Asker: 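Starting off with a structure, shown below.
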Amino acid sequence: MAAGALLTVALGIASAQAAPAIEQATASPIDTSSEAEAAETATPDETPDEAPTEAPTESPAAEATEPPQEETPTPEDSAAPEAVDPTPKKVDYAGVVQGNGGLVAISIRDGKAVAYFCDGYIEAWLKGTAENNTVTLKGKDARITATLGGGKAEGRLQFKNKSWRFSAPVVKKPSGLYRATAQVRGARIVGGWIKLPSGQSVGRLALGSGGAGESAPAFDGGAVTWYGIQLQPQEPDAFIDTLNP
């Protein structure tokens, strides 16, 4: 047999033997279902990572509120409160002068004080101050010091070289002290009266700066006529600021 024919026969045999294998290979498709099932049932070694969550944001700490600071008291603030003066703001006293028989009257208005002493023959006008329940008054040849309390003024009256004690209770209008002034022919007339709740009263009228005078007519609360001269006695509120003993 010729060489070419022999090669042809050999190739044909080889092809015939290879064909069944190819057919068998193509006839049996690869089963992928088992692999898929295995993939589905297989437990993964690691759990898929969860979506990262943000850490809770802390709310800013509330600002610390400082407690209100107490003010440090200054010396003026810490000073003890000023004591209230117990002296009555407005009051009138009138009573009998012991050992003399005359009358004395004291009137107080907001710390100012006036007084009058008269026994019908001698008289004295006085002016001063009242504080801490004590009254001190001075006049021409006269001086009064007294303590206030218990509804009365108790003290001592000095007139020239004489001295008497007195106790004068609180009195209400029409009792108390009265004063009247007038100008007649260049001469000044000054009258003073004291009335007690018992009805007892005393007064004197002085003419001119020398003080010469006489007992005053009775005062019943109205005008007083003296030698045709009409005088209008006034309460202490009218003359306490202008009195000049």
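These values consider heavy atoms only, across backbone and side chains, with no hydrogens, waters or symmetry-generated copies. Computed from a prediction, not measured in an experiment: that's the story for all the values here. Residues take their numbers from the sequence shown, with the count starting at 1.
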Asker: Which atom names give the shortest non-hydrogen contact between Leu148 and Ala153, and what distance separates them?
Answerer: CD2-CB, 3.6 Å
Asker: Any side-chain heavy-atom pair from Ile144 and Thr136 closer than 4.5 angstrom?
Answerer: no
Asker: Between Lys90 and Asp110, does a salt bridge (charged side-chain N to carboxylate O under 4.0 Å, His left out) hold up when you go through it step by step?
Answerer: CA-CA 6 Å; Lys90 181 177 181 179; Asp110 296 323; over 6 Å; no
Asker: Side chains of Val91 and Val170: closer than 4.5 Å at any heavy-atom pair?
Answerer: yes
Asker: Are side-chain heavy atoms of Leu231 and Arg179 found at a separation under 4.5 Å?
Answerer: no
Asker: Considering non-hydrogen atoms only, spot the tightest contact between Pro169 and Gly95 and give its length.
Answerer: CD-CA, 4.3 Å
Asker: Measure the shortest side-chain to side-chain distance between Ser167 and Gln98 over non-hydrogen atoms and say whether it is less than 4.5 angstrom.
Answerer: yes
Asker: Are any non-hydrogen side-chain atoms of Tyr178 and Glu235 less than 4.5 angstrom apart?
Answerer: yes
Asker: Who else is in Leu177's hydrophobic cluster (ILVMFWY, side-chain heavy atoms under 4.5 Å, direct or via others)?
Answerer: Val96, Leu103, Val114, Tyr116, Trp125, Val190, Ile194, Leu196, Val202, Phe239, Ile240, Leu243
Asker: Taking the basic N atoms (NZ, or NE/NH1/NH2) and the acidic carboxylate oxygens, is any pair closer than 4.0 Å for Arg204 and Glu214?
Answerer: no
Asker: So do the side chains of Ile189 and Tyr227 get within less than 4.5 Å of each other, counting heavy atoms only?
Answerer: no
Asker: What pair of heavy atoms forms the shortest contact from Pro233 to Gly222, and how long is it?
Answerer: CD-O, 3.6 Å
Asker: Is Asp237 salt-bridged to Lys112, going by a charged N under 4.0 Å from an acidic O?
Answerer: no
Asker: Using a 4.5 Å cut-off on heavy atoms from C-beta on, say whether the side chain of Ser163 contacts that of Arg156.
Answerer: yes
Asker: Measure across Thr225 and Pro217 and return the closest heavy-atom pair with its distance rounded to 0.1 Å.
Answerer: O-CG, 3.8 Å
Asker: List for me each residue that meets ring pair (Phe, Tyr, Trp, His ring centres under 6.0 Å) alongside Trp164, sequence neighbours excluded, and say none if there are none.
Answerer: Phe117
Asker: Is the closest side-chain heavy-atom distance between Leu126 and Pro245 below 4.5 Å?
Answerer: no
Asker: Looking only at heavy atoms, which two atoms of Leu207 and Ala187 are closest? And how far apart?
Answerer: CD1-CB, 3.8 Å
Asker: Dump the intermediate steps for salt bridge (charged side-chain N to carboxylate O under 4.0 Å, His left out) on Asp92 and Arg109, then the final yes or no.
Answerer: CA-CA 9 Å; Asp92 298 290; Arg109 302 291 187 271; 3.2 Å; yes
Asker: Between Asn132 and Thr134, is there a donor-acceptor pair closer than 3.5 Å when you use the side chain of the first and the backbone of the second?
Answerer: no
Asker: Taking all atoms of both residues into account, what is the closest heavy-atom pair of Ala216 and Trp193, and its distance?
Answerer: CB-NE1, 3.5 Å
Asker: With no hydrogens and no angle check, is any side-chain donor or acceptor of Ser201 less than 3.5 Å from a backbone partner on Lys195?
Answerer: no
Asker: Does the side-chain contact (heavy atoms from CB on, under 4.5 Å) test come out yes or no for Thr181 and Arg188, once each step is laid out?
Answerer: CA-CA 7 Å; Thr181 60; Arg188 189 166 185 256; 3.8 Å; yes
Asker: Is there a path of hydrophobic side-chain contacts, each under 4.5 Å between heavy atoms of I, L, V, M, F, W or Y residues, that connects Phe159 with Val97?
Answerer: yes
Asker: Which value, rounded to the nearest 0.5 Å, describes the distance between Ser215 atom OG and Tyr121 atom OH?
Answerer: 6.5 Å
Asker: Calculate, to the nearest 0.5 Å, the distance between atoms CG and CD belonging to Leu205 and Glu123 respectively.
Answerer: 8.5 Å
